[in-house]
Amino acid sequence: MSENVVHLHKDTALVPAAGPTVLTMVPDAAPAAPVPLWVRSGRAVKTAITHEHTRTAGRAVARHGLYVVGGARIAARRAWDGKTAARYERFMRTAEAAGDMDAALEWEERAQRYRDARHRRRMDLLHSPVDAAKGAAVTAGIGIGGLVALGVVMAVATRDVTAVVTPLMATVDFINLLITIVQVVWGPLVSLAPFLALLALWAVGGKQQAAPAWAMPDRVRNGEGEPVTPSIVVKALRDLGVPALRNAIKEMGDAGASMLSPIVIAGCGVEVDITLPSGVSTVEVQQRRRKLAENLSRHEHEVFITLPTAARTVRLWVADSGALDEPIGPSPLVTDQTMTADYAKGRAPWGQDLRGDAAALSLYQRHLLITGLSNQGKTVALRSLALWLALDKSVEFLMGDLKGVGDWAMFDGLARTLIQGPTDEHVIQVTEMVEGAVEEMNRRIQEPPGTVFPALIVLVDEAQVAFMCPLKDDEGRFYGGSKATSRYFMAVRKIHNQGRAVNVLMWQGTQDPTDQNLPKLVREGAHTRASLALGTESQARMALGDKAVDGGAAPNLLRPGLDQGTLVVASSGIDIPKGQSSITVRTHYVDDDAAEVITDRAKALRDGVTTLHAIDRGEDRDPLADIAGVFGTAARLFTQDVLKRLAARNEDAYGSWTPGDLRRVLDGTGAEPYKSDGRMVVAHDRVSRALANRDSEGSASGSK
């Protein structure tokens, strides 16, 4: 009879089988050998030693011990300064290092007066023991005599002779009591004195943080929230890597802070002027901005270096840690629904400067150029200015958006011309639009002197597309480029040369400036130049000019993607601190929805604007239909406004029209111009009725 032998492991389930079954147990695999105790103890010790809590505790112990050492050093230094002329010597060396010889001579005189006074005090000490002994004898005699006299008086009053010595004995008993008290207190006081001295030294060292950086808490070691103090600024300058500056500060000693003006709060940071010692150039400090920022426990973008008017002086603005990463709040254009604009006298609310003050820009008769890398907020910054100016109903816009993604779509019905698209055909249209503005400028120039013209803003966003266009016209002239035969370039140059005198202004936004996509003559023709983050210093010079960059402007040091909307502005239209050539502005962000609300308010101020989306040329025109098409929602227009809108619709057909040409077309239609309040106007309903009657008559004639 066969048997079924089943070998069972610990976790094996029983399965029925035919025939007798023999169960046997198979042991599991042998367990791993136990880890020796000494190995586990070593691991535990290593873990305990390297644990963060252990390291923190070790730093704390070392820190407080070193506070005592540092406090002793500081106390000894103060005592030495108080007993010697070392303080005056340091001030003297500071003045000599700064090249201020008058101050050096003054400190030398003070040191000499201190030495003379110290000599007199020491000579007085030679005679003081004898004088003190004489004084003590006289005082003791007077005191004893007084006590005896008091005893005599008491004896006479009490008729008791023993009362004569009573005051004297009371004084002796009091002195004995004081001696007893001192004997009782002296022992504990002597025992506690060292501990009290150590506590005093620890307090001095802790207040001055007299411990190495490695022993300080993480918050202090990382510089988080560390205030900017004179000693920190001096140390940062000393470690900047400029030998002449380091040596001068060493000679100055603790008086290196004399280079600094008072540190004042400025917005979300602090500001301080630094007068550099002789032999140290301001350029040497400017070129080490990153190292200076790191020495101040800040990031590079949180320290700005500019040059005030004073010679050998740099001005530092140091932001609070992380403050520049916080938003600045909504634009007044969004929060104030009653805001209006004044082109001639007002200022556009653009954002805030680094000090937290409102940054407002005057746009009056100033050509504008804004540049920067892609996706840094250039269009929003440019659009914010246009949105504010649109609230002045006298201002007219010609707009070309060569990106064509709808960033300027809300100006449809507000701008006279709005061309949107990135193709070469759109460049042609934009070029012709700018050339039309040149013709309008020339017409205004022919008007009598003193004539006041409404502002005409010619705005081209992504202007580098126009400069880079390779197409030629029928006469072989390039639309793009930077030569005298380049149409867009020459049109912009003409407006830059003469436009501001008759309020025809050129605004351009462009990316990544180079000599190819932003010619030198064009960028230098702008009165207001602003730049967002750029890649190199050479691009910064193209965007803002050499003067601004040499004065400390550094858009190339802004952080792409992180400092969106932050730009550096060089313009006479914005308040720039005295002595500086530029200012850094954090612009308000106005999104598309808010922009539409603002443009709706701007449209309500106007009678209605018909926006052209293309420049029509070289085709047969229907003058009466074109006249009817320029009214928009307006009930009537001045004849001069009708002529302007016709010229904007088609410069070739209507650019040379006069009021007589307009009357010639409307005569006999029932829509002739008529006088209202002393000015000739054309009524929209009359023109529409005349057009409808003409079309119906044409249809009737055709049906016959």
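Residues meeting the ring pair (Phe, Tyr, Trp, His ring centres under 6.0 Å) test with Tyr488, sequence neighbours left out: Phe467. Considering only residues two or more places apart in sequence or on other chains, Glu284 meets the side-chain contact (heavy atoms from CB on, under 4.5 Å) condition with Val242, Val280, Ser281, Arg288. Residues satisfying the salt bridge (charged side-chain N to carboxylate O under 4.0 Å, His left out) test with Asp353, not counting sequence neighbours, are none. Taking the salt bridge (charged side-chain N to carboxylate O under 4.0 Å, His left out) definition, one finds that Asp546 meets it with Arg541, sequence neighbours left out. With sequence neighbours left out, the side-chain contact (heavy atoms from CB on, under 4.5 Å) criterion links Met680 to Thr639, Arg663, Pro673, Lys675. With sequence neighbours excluded, the residues satisfying side-chain hydrogen bond (donor to acceptor under 3.5 Å, both in side chains) with Arg493 are Asn497. In this view, His527 and His367 satisfy the ring pair (Phe, Tyr, Trp, His ring centres under 6.0 Å) rule, not counting sequence neighbours. With sequence neighbours left out, the ring pair (Phe, Tyr, Trp, His ring centres under 6.0 Å) criterion links Phe478 to no other residue. In this structure, the ring pair (Phe, Tyr, Trp, His ring centres under 6.0 Å) partners of Trp408, at least two apart in sequence or on a different chain, are Phe411. Lys403 pairs by the salt bridge (charged side-chain N to carboxylate O under 4.0 Å, His left out) definition with Asp407, Glu462, not counting sequence neighbours. Partners of Thr313 under the side-chain contact (heavy atoms from CB on, under 4.5 Å) rule, at least two apart in sequence or in another chain, are Asp273, Thr275, Pro308, Ala310. By the salt bridge (charged side-chain N to carboxylate O under 4.0 Å, His left out) test, Arg289 pairs with no residue at all, sequence neighbours left out.
The CZ atom of Arg606 lies 9.5 Å from the NZ atom of Lys393; values are rounded to the nearest 0.5 Å. Here the straight-line distance linking atom CG of Leu567 with atom NZ of Lys378 works out to 11.5 Å at 0.5 Å rounding. Taking CG from Leu662 and CG from Leu646, the interatomic distance works out to 7.0 Å, rounded to the nearest 0.5 Å. From Thr335, atom OG1 reaches atom NE2 of His588 across 8.0 Å, with rounding to the nearest 0.5 Å. Atom CG of Leu382 is separated from atom OG1 of Thr510 by 11.5 Å, given to the nearest 0.5 angstrom. Taken from CD1 in Ile598 to OG in Ser384, the straight-line distance is 7.5 Å, to the nearest 0.5 Å.
Residues Leu471 and Val427 form no side-chain contact, since every pair of their non-hydrogen atoms from C-beta on lies 4.5 Å or further apart. Side-chain contact between Phe631 and Val682 is present, with heavy atoms from C-beta onward closer than 4.5 Å. When side chains are defined from C-beta on, Ile445 counts as touching Gln498, because their heavy atoms get closer than 4.5 Å. With a 4.5 Å cut-off on side-chain heavy atoms, Pro470 and Asp424 count as touching. For the pair Leu292 and Leu316, the minimum side-chain heavy-atom distance is below 4.5 Å. By the 4.5 Å heavy-atom criterion applied to side chains, Lys644 and Leu456 are not counted as neighbours. Residues Arg601 and Leu391 form a side-chain contact, since some pair of their non-hydrogen atoms from C-beta on lies under 4.5 Å apart. Contact annotation: the side chain of Glu440 never approaches that of Leu398 to less than 4.5 Å [non-hydrogen atoms, C-beta and beyond].
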May I have the step-by-step check of side chain to side chain contact (heavy atoms under 4.5 Å, CB included) for Glu439 and Arg443, ending in yes or no? CA-CA 6 Å; Glu439 294 178 6; Arg443 185 193 66 78; over 6 Å; no
Arg366 vs Ser572, test: side chain to side chain donor-acceptor pair (under 3.5 Å). Steps then yes/no. CA-CA 9 Å; Arg366 289 179 176 89; Ser572 60; 3.3 Å; yes
Given Glu294 and Lys291, is the salt bridge (charged side-chain N to carboxylate O under 4.0 Å, His left out) satisfied, shown in steps? CA-CA 5 Å; Glu294 293 173 348; Lys291 190 170 185 179; over 6 Å; no
Apply the test side chain to side chain contact (heavy atoms under 4.5 Å, CB included) to residues Met399 and Asp461: give CA-CA distance (whole Å), side-chain angles for both, the deciding distance (0.1 Å), then the verdict. CA-CA 8 Å; Met399 292 184 169; Asp461 196 9; over 6 Å; no
Before giving the answer on side chain to side chain contact (heavy atoms under 4.5 Å, CB included), spell out for Val434 and Met506 the whole-Å C-alpha distance, their side-chain angles and the decisive distance to 0.1 Å. CA-CA 9 Å; Val434 179; Met506 192 76 208; 4.2 Å; yes
Are Gln365 and Tyr343 close enough, and set up right, to give a side chain to side chain contact (heavy atoms under 4.5 Å, CB included), and what steps lead you there? CA-CA 9 Å; Gln365 292 188 346; Tyr343 160 72; 3.6 Å; yes
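Gln420 places no side-chain N or O within 3.5 Å of a backbone atom of Leu402 that could act as its donor or acceptor partner. At least one donor-acceptor pair closer than 3.5 Å links the side chain of Asp342 to the backbone N or O of Lys345. A donor-acceptor pair is defined here as one N or O able to donate and one able to accept, closer than 3.5 Å; no such pair exists between the side chain of Arg444 and the backbone of Thr451. Gln564 contributes a side-chain N or O that, together with a main-chain N or O of Asn375, makes up a donor-acceptor pair within less than 3.5 Å. Of the possible polar contacts, none joining the Arg315 side chain to the Thr306 backbone as a donor-acceptor pair under 3.5 Å is found. When atom types are taken as modelled, the side chain of Trp388 and the backbone of Ala341 share no donor-acceptor pair closer than 3.5 angstrom. Proximity of a side-chain donor or acceptor of Arg487 to a complementary backbone N or O of Arg477 within less than 3.5 Å is not detected. Within the 3.5 Å criterion, the main-chain N or O of Phe453 finds a donor-acceptor partner in the side chain of Asn503. A side-chain donor-acceptor contact under 3.5 Å links Asp661 to the backbone of Thr658. In this structure, the side chain of Trp317 engages the main chain of Ala266 through a donor-acceptor pair within 3.5 Å.
Between Arg383 and Asp592 there is a salt bridge, since at least one side-chain N of the basic residue sits less than 4.0 Å from a carboxylate O of the acidic one.
Here the closest heavy-atom approach between residue Leu414 and residue Val609 is recorded as O-CG1, 3.8 Å. Scanning all heavy atoms of the two residues, the minimum distance from Asn517 to Gln511 falls at ND2-O, 3.7 Å. Looking at every heavy atom in both residues, Pro332 comes nearest to Met339 through CB-CE, 3.6 Å. Residues Ala386 and Leu459 come closest through the heavy atom pair CB-CD1, 4.3 Å. Contact between Ser482 and Ser486 at its shortest, heavy atoms only, is N-OG, 3.5 Å. The two residues Thr371 and Pro513 come nearest to each other via the heavy atoms OG1-CD, 3.2 Å.
Other residues, nucleotides and ligands contribute over 12 non-hydrogen atoms within 6.0 Å of the NZ atom of Lys603.
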